[in-house]
Amino acid sequence: MSHDTEYIDTDILIVGSECAGARAAIEAREHGLNVAVVTKGKISKSGATLTAAADIDVDSRSALLLFNQRGDERDSPEIFFEDVVKEGKYLNNQELVEIMVREAPLRVKEMVEWGMRISNLIKAPGHRYPRGLWTSGVEIMHVLKSKLKKSGAELYEYTMITDLIREGGRVCGAVGVNRVDGTFRVFRAKAVVLATGGAMRIWPLTTAPEELTGDGYAMAYRAGAELVDMEFPMFMPACVLYPPLAKGSQFPYIMAAYFGGWMLNRSGERFISKWDPERMERSTRDIIAVAVMTEILEGRGSPRGGVYVSFKHLPENLLEDATLWHPVIKNWKFDGFNIKEIFDPTREAIEAAPATHYWNGGIRINTKCETSVTGLYAAGECAGGFMGANRLSGAALTQALVTGARAGKYASQFAMGTSLPTINETTIKELREKVYKPIEAKEGISPIHLRKELQKIAATYVGPVRDETGLKSALRELGEIKSMLPRVSTKCKDTEFNMEWCEALQLENMAEVLEMVVQGSLAREESRGAMYRRDFPNTDNDLWLKNIIVFQDQGQMQIKKVPVVITRISPPRGVKKYPGEG
Amino acid sequence: MAIKTIKVKVFRFNPRRDSSPHYDVFEVPYTEGMSVLNALVYIYENIDPSLAIPYSCRIGRCGWCTLLVNGKATQTCTTLLKGDVTVEPLPLFEVIKDLIYDVDRPKRLNHSIAKAPPPQ
């Protein structure tokens with residue numbers, strides 16, 4: 001069967017159109033370069049930014065002085081830095097964190113100048129001062145989309161990038177498929193910025209949107225880039241299990257964190273007292289997720305496999321009043337849900353379990369957002385190193401804005417000093433065959449079935465609580481999935497908007513990324529932040545103040561350990577029972 | 001015990017292959033508290049993988065899943081399924097495939113609507 005091929009030449013190719021990708025594109029356009037932005041979905045209708053409630057962090061003094069919010073002038077970028085590193089359990093690349101806290105006020109200020117509204121300032125767990133400027137993902141994308149469209153960047157929607165093109169040690173573009181009509185698209189570029197977000201959809205219970213299947217991580221890996229801290233997917237501690245309509249909603253955790261809800265096991269015990277007796281349910285999310293998962297795994301959970309989140313101890317009028325003033329639950333509206341239609345939190349507990357929410361690790365970058373492959377840049381959640389073993393609330397959008405602008409800037413500088421590379425037609429042909437194989441194969445394994453199997457492995461063995469036996473089982477079962485990948489065949493053979501085909505193309509990425517998580521978790525023989533190893537329950541600062549790097553060599557997944565990049569804060573020493581210093 | 005099912009009538013159209021749209025009716029097992037989107041995804045995963053559905057965040061934020069449900073525009077992810085339903089794309093836009101429509105391409109026939117002043 002023949003399918004059309006479209007060739008597109010550009011200076012900078014940006015994969016991902018939301019906060020980090022759009023911000024990178026705007027920056028590159030300001031440098032006067034040609035920019036192509038590609039998204040698997042539709043701009044401002046897909047991707048993770050929109051799902052943010054959202055708080056954007058700046059130090060509290062800047063919140064007061066620059067944004068006219070009730071910030072605290074005792075705070076500073078330096079104190080903000082300390083909190084990020086301390087709550088990242090000292091695995092953060094401090095050079096990167098310094099840049100994030102320093103550039104945050106500037107990046108947010110320009111967003112405000114471009115029209116973003118800030119309605120409030122909140123103090124989230126782990127922050128010493130209120131730093132969360134309250135806005136929404138929808139608002140952020142409204143501003144960035146309009147700015148992007150005016151910038152003159154070319155936008156390619158519904159286009160899934162399937163692989164990067166690497167020639168002679170550098171990245172020179174990418175290939176993909178136009179999901180609307182099935183056309184093969186070849187992008188030739190001087191530099192490529194990956195801004196595809198995380199890989200949370202590998203898990204069946206997640207707060208992330210459909211598109212977050214780790215495509216950027218896997219493509220970068222196949223192109224030879226290094227990834228860092230991949231063993232630390234972040235779990236939102238208590239998300240809705242039932243009813244199906246609200247499955248994965250963060251409502252129970254958020255309400256518990258801000259209004260003193262209780263998390264109870266089936267005996268009615270506030271089990272968090274065993275882990276963080278001081279902060280209890282207002283502890284950080286890594287610790288609560290581990291506590292919740294431990295109750296579930298040890299048989300003290302609810303019938304649906306969760307714990308109970310209760311507000312019944314709070315006076316009914318306090319809860320009602322909260323809906324008058326707090327931005328997360330204004331008028332009983334949480335996200336797009338009318339909570340009173342779904343639950344009655346004044347009367348019954350909600351069954352909830354940890355759901356993947358964010359990717360603390362990612363593609364390894366330096367301060368210029370350069371990856372280990374020439375010409376390849378990463379921004380946003382796609383880029384690792386900022387969050388260490390746990391991310392504080394509100395830091396994700398700050399990181400996306402800061403890295404987006406930086407990746408756009410440095411990719412532009414690189415592109416200005418280089419010419420458009422030539423691409424080997426044999427490479428294109430191979431990548432093209434890979435794309436059409438699932439719809440051309442007459443029969444084989446259903447990608448929907450295989451995705452569900454993969455999600456089962458993630459849910460069973462790779463939650464916030466892990467051990468060697470489970471991780472080895474995960475590797476074995478993952479091996480079986482990988483051996484089936486070449487036989488994937490879609491039932492629907494349409495080239496026009498074929499969701500099953502898209503799933504088939506995502507599967508290899510999901511399997512590779514899950515393997516990175518498993519290999520990283522096996523290598524890290526301790527418990528820290530978002531990962532608790534039952535067989536190694538201590539936080540070991542003597543042996544494990546190291547980042548685990550995953551990369552491909554000779555077609556095999558390799559692991560190496562590197563010392564953490566430290567600039568200002570010396571991590572604590574010694575071995576402590578998890579959660580260590582908190 | 002017999003499983004309760006509901007009937008979901010779905011608009012189908014592939015403009016590159018079909019001369020005109022048609023409707024398919026699917027029987028979906030009903031669970032209390034399921035959304036209209038849950039039913040559509042059930043159809044895609046278990047009955048007909050050729051069905052194209054717009055959705056992303058599933059929490060009522062992205063708005064991509066906005067469709068006509070029994071004639072009324074609503075986000076399918078936050079709309080409870082209460083009985084048999086008919087699901088169609090918003091009528092003012094060109095259809096890409098099935099329920100996926102292009103908000104950037106209003107239908108040509110509806111010039112007067114496209115030019116109408118925004119609601120106050």
Side-chain angles (χ1 to χ4, degrees), chain A residues 40-54 136-138 141 157-158 179-182 206-212 240 242-251 333-338 341-342 446-449 451-452 490-501 503, chain B residues 12-18 28-66 74-82 89-90 93-105:
Chain A
K40 184 160 72 169
K42 185 160 179 62
I43 188 168
S44 87
K45 295 263 179 237
S46 53
T49 304
L50 287 175
T51 66
S136 78
V138 175
M141 279 322 297
E157 294 180 313
Y158 303 125
R179 298 179 64 198
V180 173
D181 60 9
T206 177
T207 67
E210 287 300 306
E211 300 80 19
L212 281 270
V240 172
Y242 185 86
L245 162 101
K247 200 175 165 195
S249 166
Q250 310 167 37
F251 174 75
K333 192 110 169 135
F334 187 88
D335 291 331
F337 297 109
N338 182 354
E341 253 180 36
I342 310 170
S446 151
I448 300 170
H449 167 76
R451 184 253 301 161
K452 286 186 175 176
T490 59
K491 198 170 138 196
C492 168
K493 300 298 182 191
D494 290 357
T495 49
E496 300 88 359
F497 225 104
N498 183 340
M499 301 204 316
E500 205 191 0
W501 187 18
E503 285 218 48
Chain B
R12 307 299 302 269
F13 185 40
N14 184 343
R16 284 175 178 78
R17 288 171 197 243
D18 308 338
V28 174
Y30 176 76
T31 319
E32 208 186 319
M34 78 193 281
S35 65
V36 173
L37 180 63
N38 290 148
L40 295 173
V41 172
Y42 180 89
I43 295 166
Y44 160 72
E45 289 187 344
N46 300 285
I47 309 172
D48 184 355
S50 73
L51 178 64
I53 314 159
Y55 70 110
S56 174
C57 77
R58 298 165 303 134
I59 54 171
R61 284 195 173 271
C62 75
W64 195 17
C65 72
T66 303
T74 180
Q75 296 192 34
T76 56
C77 72
T78 53
T79 303
L80 277 167
L81 192 62
K82 287 174 178 157
L90 291 196
F93 304 99
E94 295 291 346
V95 169
I96 295 174
K97 189 182 164 193
D98 298 339
L99 299 171
I100 300 183
Y101 56 93
D102 190 345
V103 287
D104 296 330
R105 279 196 303 147

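Hydrogens, waters and symmetry mates are skipped; everything else that's a heavy atom, side chains included, is used. Because the structure is predicted, anything quoted here is derived from the model rather than measured. Chain letters run A, B, ... following the sequence lines, proteins first, then strands; residues in each count from 1.
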Item to check | Which portion of Gln250(A) sits near chain B, non-hydrogen atoms under 4.5 angstrom | outcome: neither

Next on the checklist: Between Ala246(A) and chain B, with a heavy-atom cut-off of 4.5 Å, which part of the residue counts as in contact: side chain, backbone, both or neither?
Outcome noted: neither

Checklist entry - When the ring planes of Phe497(A) and Tyr158(A) are compared, do they come out parallel, tilted or perpendicular, using 30° and 60° as the limits? => result perpendicular

Checklist entry - Given a strict heavy-atom distance threshold of 4.5 Å, which part of Asp98(B) is in contact with chain A: side chain, backbone, both, or neither? => result neither

Item to check | Set of residues satisfying salt bridge (Lys or Arg N to Asp or Glu O under 4.0 Å) with respect to Lys452(A), sequence neighbours excluded | outcome: Glu45(B)

Next on the checklist: At a 4.5 Å cut-off on heavy atoms, which part of Leu81(B) comes close to chain A: side chain, backbone, both, or neither?
Outcome noted: neither

Checklist entry - Judged by atom type as modelled, is there a donor-acceptor pair below 3.5 Å linking the side chain of Glu500(A) to the main-chain atoms of Lys491(A)? => result yes

Next on the checklist: Only pairs of heavy atoms separated by less than 4.5 Å count here; which of Ser50(B), Ser56(B), Gly60(B) has the most with chain A?
Outcome noted: Ser56(B)

Next on the checklist: Determine whether Arg58(B) and Thr206(A) satisfy the following criterion, side chain to side chain contact (heavy atoms under 4.5 Å, CB included), listing intermediate values before the conclusion.
Outcome noted: CA-CA 10 Å; Arg58(B) 298 165 303 134; Thr206(A) 177; 3.9 Å; yes

Next on the checklist: Does any backbone or side-chain atom of Glu496(A) lie under 4.5 Å from a heavy atom of chain B? Answer side chain, backbone, both or neither.
Outcome noted: both

Item to check | Asp335(A) vs Phe251(A), side chain to side chain contact (heavy atoms under 4.5 Å, CB included): CA-CA, chis, key distance, verdict | outcome: CA-CA 9 Å; Asp335(A) 291 331; Phe251(A) 174 75; over 6 Å; no

Item to check | Atom group of Ala208(A) that falls short of 4.5 Å from chain B, counting heavy atoms | outcome: backbone

Next on the checklist: With chain A as the partner, which of Met34(B), Arg61(B), Glu32(B) has the greatest number of non-hydrogen pairs under 4.5 Å?
Outcome noted: Arg61(B)

Checklist entry - Below 4.0 angstrom, N of the basic side chain to O of the carboxylate: do Asp494(A) and Arg16(B) qualify? => result no

Item to check | Cys57(B) versus chain A, the contacting section by heavy-atom distance below 4.5 Å | outcome: both

Next on the checklist: Tell me if a side-chain donor or acceptor on Glu211(A) pairs with a main-chain N or O of Gly47(A) at a distance below 3.5 Å.
Outcome noted: yes

Checklist entry - If you tally heavy-atom pairs under 4.5 Å against chain A, which of Asn46(B), Thr31(B), Asp104(B), Val36(B) wins? => result Asp104(B)

Checklist outcome for this item: Sorted by chain and number, sequence neighbours left out, side chain to side chain contact (heavy atoms under 4.5 Å, CB included) with Lys247(A) holds for Leu205(A)

Checklist entry - Side chains of Thr490(A) and Glu503(A): does their closest heavy-atom pair fall under 4.5 Å? => result no

Checklist entry - Of the backbone (N, CA, C, O) and the side chain (C-beta and beyond), which part of Val180(A) lies under 4.5 Å from a heavy atom of chain B, both, or neither? => result both

Item to check | Structural part of Ser44(A) lying under 4.5 Å from a heavy atom of chain B | outcome: backbone

Checklist entry - Quick one: does Trp64(B)'s side chain get under 4.5 Å of Val103(B)'s, heavy atoms only? => result no

Item to check | Segment of Ile59(B) engaging chain A (4.5 angstrom heavy-atom cut-off) | outcome: both

Checklist outcome for this item: Tested for side chain to side chain contact (heavy atoms under 4.5 Å, CB included) against Ser249(A), the lone hit among Ile342(A), Thr207(A), Val240(A) is Val240(A)

Checklist entry - With only heavy atoms counted, which part of Ile53(B) is less than 4.5 Å from chain A, the side chain, the backbone, both or neither? => result both

Checklist entry - Which region of Asp48(B), side chain (C-beta onward) or backbone (N, CA, C, O), has a non-hydrogen atom less than 4.5 Å from a non-hydrogen atom of chain A, or is it both or neither? => result neither

Next on the checklist: I'd like to verify something: which residue of Leu50(A), Ile448(A), Asn338(A) has the highest number of heavy-atom pairs under 4.5 Å with chain B?
Outcome noted: Ile448(A)

Checklist entry - If you count heavy-atom pairs under 4.5 Å between each of Met141(A), Arg451(A), Glu341(A) and chain B, which one has the most? => result Arg451(A)

